[in-house]
**Student:** 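Handing you this structure, nothing more for now.
Just so it is clear: chains get the letters A, B, ... in the order the sequence lines come, proteins before strands, and each one is counted from 1.
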There are 2 protein chains.
Amino acid sequence: MYPGVVARRRDPAVRTQLIERAAHMLRTREPITLRSLVAGTSVSTMAIYTHFGGMDGMWKALRQEGFTRLGARLAQVTPSADPVRDLTALIAAYLGNALDHPDLYRVMFDANFDLEDAQAADDTLEYLVQAAERGRRAGRYRADTTPLELATQSWAVAHGLVSLVATGPLPRPTLAHGPLLLTALFTATGDDPNRCRQSVKQGWQPDLTSD
Amino acid sequence: MYPGVVARRRDPAVRTQLIERAAHMLRTREPITLRSLVAGTSVSTMAIYTHFGGMDGMWKALRQEGFTRLGARLAQVTPSADPVRDLTALIAAYLGNALDHPDLYRVMFDANFDLEDAQAADDTLEYLVQAAERGRRAGRYRADTTPLELATQSWAVAHGLVSLVATGPLPRPTLAHGPLLLTALFTATGDDPNRCRQSVKQGWQPDLTSD
DNA sequence: CATCTAAACATAGCACGGCTATGTTATGTA
DNA sequence: TACATAACATAGCCGTGCTATGTTTAGATG
C-alpha cells in the first residue's frame, strides 16, 4: 500500500557522541560498561545496539577511531626534502600518539584486530610507505628492499619499543633508543651512515603534547 | 591454650591444576570465567579465592606462568662459542614461544603488567643480557653500549615483530625480516657486518613446534 | 590418642555486566 | 493526513565476579 516507505533514520550525532565519550572514559581510566557509557547521555542502552550492534561493535568502532586519530596525527607531519627525516618524524609521531593515549593504543591492537574498516590500518601504514618510497627514489635505499618492507620494519621497531614502554615494563627513558634503532635499520637498508644519523636526528622530535 | 597451633595447609596441587587448566583453556580458546575454570575440577569456586585471591590474582599467576615457560624455553638454547649466534637464537626462541602460545603471550603483556614476582620478567631478560655481555667480552660490540641496552633493544625489536604477527595485522611471512633487523642492530652496535650476518644466520632457527 | 584451632572448602546469594523481548515514539513517503 | 518502519525507552533474563556464612579437615598440643 505504501511500498517505498522508509522509516526513521538513525542520528549520526548519537554514534559520534558515544565514541567520543568512550574515548574520554578510556583516557580518564573510567571503566567502560554498557550502562556507564550511556549514563550521562540522553540516550538509552539500546542506542549501543542500534548503532554498534552491541558492546563488541562499540569496541571495534573505538579501535577504528584510534586509527583515525593516528592517521590525523601522521598527516600533521609535513614532508620535507629529506625523506629519511620524514620517515623518522612519522615514527616519532607514531610514538607520540601512543604515549599520549596509551589505553586507546592498547585497544587498537586488542582482540583479533578486527576493525570495521581494515583499510584504516593500511592507510596509516601508507604514510610510512610513501616516505619510504620517496627515500627509494632519492637513492637513499637499496633497490632490494621495497618501500612496504621498510615501512613494515619501521613500524615493528616503533611498535615494539612504544608498547613495551607505554603499556609494558620498560621505563620511559628507553624510548631514547629510538634513533639508534632507526639509524641501524635505515643504514642496513643502504643509507649513508653519517647522512642517516643527521636525518634521524632532525626527524626525531616526538611531540608528546599534541593531539 | 594451644598457642602455636597451625591450621590446614592449602594443597599446592590445586593451584597447579587451576593454572594448567587456565593455560589449556586459553590455548583452546575457551572463555575463562570463574565458574568455567572450576567446572570439571573437583574444587569449588572458593578455591580461586584461597589460592589467588580472586580472578585478578589468577590472571596474574597465569602471566607469571607465561614468563616461567618462556624462561624454560630460553634455557633450552645452548650457548656456543659465538655470542651473536646465541643472542639471535634466544630471540628466535622468544618468537617461537610467542607464536606457539599467542594467547598466553598476549596475556603476559596485559593490564598494567603486574606480576606476582616481577623478578620473573627480569630473569628472562637476563638470558639476553648474559649473551650480550659475552658478546661485549668477545669484542663484538663497542663499549659505549651496555649489555642491558643491547638486550633491551633486541627485545623491543622481537616484541614489535612478533606481536604484530601473532596477535596483530601482519602476515606470518613478515617474521622473515627478523634476521635483517637483528643484523642491522648488531652491526650498528659495532659487530663486523659479514661476521654478523653469518652469526645471525646460524642462530636464526625459530623452532615453532617445541614445548 | 583426644582436643582444639584455624584455615581450606562448599554453598547460597548479592550486585553488576551484556543482552533481548516488548512496547512506544518519531520520521518520511504516499 | 495516514501509515509503515526503525529508532528509541523500559524491564527483565542469564552469566559474571565476589562475599557472607556454615562445614570440614589438617595438624600442633597436651
Side-chain angles (χ1 to χ4, degrees), chain A residues 1-26 28-64 103 107 110-112 114 116, chain B residues 1-26 28-64 103 107 110-112 114 116:
Chain A
M1 226 189 240
Y2 293 83
V5 80
V6 172
R8 185 178 179 183
R9 321 271 179 153
R10 67 184 59 163
D11 185 2
V14 173
R15 187 178 210 277
T16 305
Q17 184 194 14
L18 287 172
I19 288 183
E20 286 183 352
R21 175 166 167 79
H24 179 261
M25 291 175 76
L26 209 61
T28 56
R29 303 288 200 284
E30 300 168 74
I32 300 179
T33 72
L34 173 68
R35 289 174 172 82
S36 71
L37 181 56
V38 299
T41 73
S42 59
V43 302
S44 79
T45 58
M46 269 306 291
I48 272 77
Y49 292 86
T50 57
H51 286 276
F52 305 106
M55 282 303 282
D56 265 10
M58 196 283 299
W59 286 108
K60 210 155 136 177
L62 195 55
R63 277 195 283 282
Q64 196 79 28
D103 301 286
V107 170
D110 250 13
N112 296 337
D114 43 343
E116 295 182 315
Chain B
M1 221 187 240
Y2 292 84
V5 79
V6 170
R8 186 178 179 184
R9 319 270 177 155
R10 66 185 60 167
D11 185 2
V14 173
R15 187 178 211 277
T16 305
Q17 183 194 14
L18 287 172
I19 288 183
E20 286 183 353
R21 174 165 167 79
H24 178 261
M25 292 175 76
L26 209 61
T28 55
R29 303 287 201 285
E30 300 168 76
I32 299 178
T33 73
L34 173 68
R35 289 172 174 83
S36 72
L37 181 56
V38 299
T41 73
S42 59
V43 302
S44 80
T45 58
M46 270 304 292
I48 271 78
Y49 292 86
T50 59
H51 287 275
F52 305 107
M55 282 303 282
D56 265 9
M58 196 284 298
W59 286 108
K60 212 152 127 178
L62 196 56
R63 276 195 284 281
Q64 197 79 28
D103 301 286
V107 169
D110 251 16
N112 296 337
D114 42 342
E116 295 182 316

**Student:** Rounded to the Å, how far apart are A:Met58 CE and C:dC19 C1'?
**Tutor:**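 So the CE-C1' distance, A:Met58 to C:dC19, works out to 14 Å.
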**Student:** At their closest point, which heavy atom of B:Leu62 faces which heavy atom of B:Ile19, and how far apart are they?
**Tutor:**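 Smallest interatomic distance, heavy atoms only, reads CD1-O, 3.9 Å.
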**Student:** Minimum heavy-atom separation for A:Arg21 and A:Thr41, please, with both atom names.
**Tutor:**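 Shortest heavy-atom separation between A:Arg21 and A:Thr41 comes out as CD-CG2, 3.6 Å.
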**Student:** Using atom CE of B:Met55 as one end and atom C1' of D:dG15 as the other, report the distance to the nearest whole Å.
**Tutor:**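 Those two atoms, CE and C1', are 13 Å apart.
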**Student:** Testing the basics here: between A:Arg35 and A:Thr45, what is the closest heavy-atom pair and its distance to 0.1 Å?
**Tutor:**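 So the minimum-distance heavy-atom pair works out to CG-CG2, 4.4 Å.
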**Student:** Which whole-number value in Å describes the distance from A:Ile48 CD1 to C:dC19 P?
**Tutor:**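 So the CD1-P distance, A:Ile48 to C:dC19, works out to 10 Å.
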**Student:** Rounded off to whole Å, could you give me the CG-to-P distance for the B:Asp56 and D:dT16 pair?
**Tutor:**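 Distance check: B:Asp56 CG to D:dT16 P gives 16 Å.
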**Student:** Under the 3.5 Å rule, do the base of D:dG17 and the side chain of B:Arg35 count as making a donor-acceptor pair?
**Tutor:**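 Side chain to base: pair found, below 3.5 Å.
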**Student:** In whole Å, I'd like the distance from the CD atom of A:Glu30 to the P atom of C:dG17.
**Tutor:**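 Those two atoms, CD and P, are 13 Å apart.
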**Student:** Whole Å only: how far is the CD1 atom of B:Ile32 from the C1' atom of D:dG17?
**Tutor:**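 Those two atoms, CD1 and C1', are 15 Å apart.
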**Student:** Look at all strands and tell whether B:Thr33 reaches a base, only sugar-phosphate, or nothing, counting heavy atoms closer than 4.0 Å.
**Tutor:**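 Since only primed, P, OP1 and OP2 atoms lie under 4.0 Å of B:Thr33, the category is sugar-phosphate.
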**Student:** Send over the distance from B:Tyr49 OH to D:dG17 C1', rounded to a whole Å.
**Tutor:**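 Whole-Å distance recorded here is 5 Å.
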**Student:** Where the side chain of A:His51 is defined as all heavy atoms beyond and including C-beta, which of D:dC8, D:dG17, C:dC9 is the nearest nucleotide?
**Tutor:**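 Selected nucleotide: D:dC8.
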**Student:** Rounding to an integer number of Å, can you tell me how far A:Leu34 CG sits from D:dG12 C1'?
**Tutor:**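 Nearest whole value for this atom pair: 14 Å.
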**Student:** Using a 4.0 Å heavy-atom cut-off across all strands, classify A:Met46 as base, sugar-phosphate, or nothing.
**Tutor:**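 Base, at least one base heavy atom under 4.0 Å.
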**Student:** Between A:Thr50 and D:dC8, is there a contact of a side-chain N or O with OP1 or OP2 at under 4.0 Å?
**Tutor:**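 Indeed, a polar side-chain atom of A:Thr50 lies that close.
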**Student:** Give B:Ser42 one of three labels, base, sugar-phosphate or nothing, depending on what nucleic acid heavy atoms sit under 4.0 Å from its own.
**Tutor:**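 Touches sugar-phosphate only.
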**Student:** Is any side-chain heavy atom of A:His51 less than 4.5 Å from a side-chain heavy atom of A:Val14?
**Tutor:**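 The answer is yes, as the side chains (C-beta and beyond) meet within the 4.5 Å cut-off.
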**Student:** Indicate yes or no: at least one non-hydrogen side-chain atom of A:Met55 is less than 4.5 angstrom from one of A:Thr33.
**Tutor:**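 Not touching, per the 4.5 Å side-chain cut-off.
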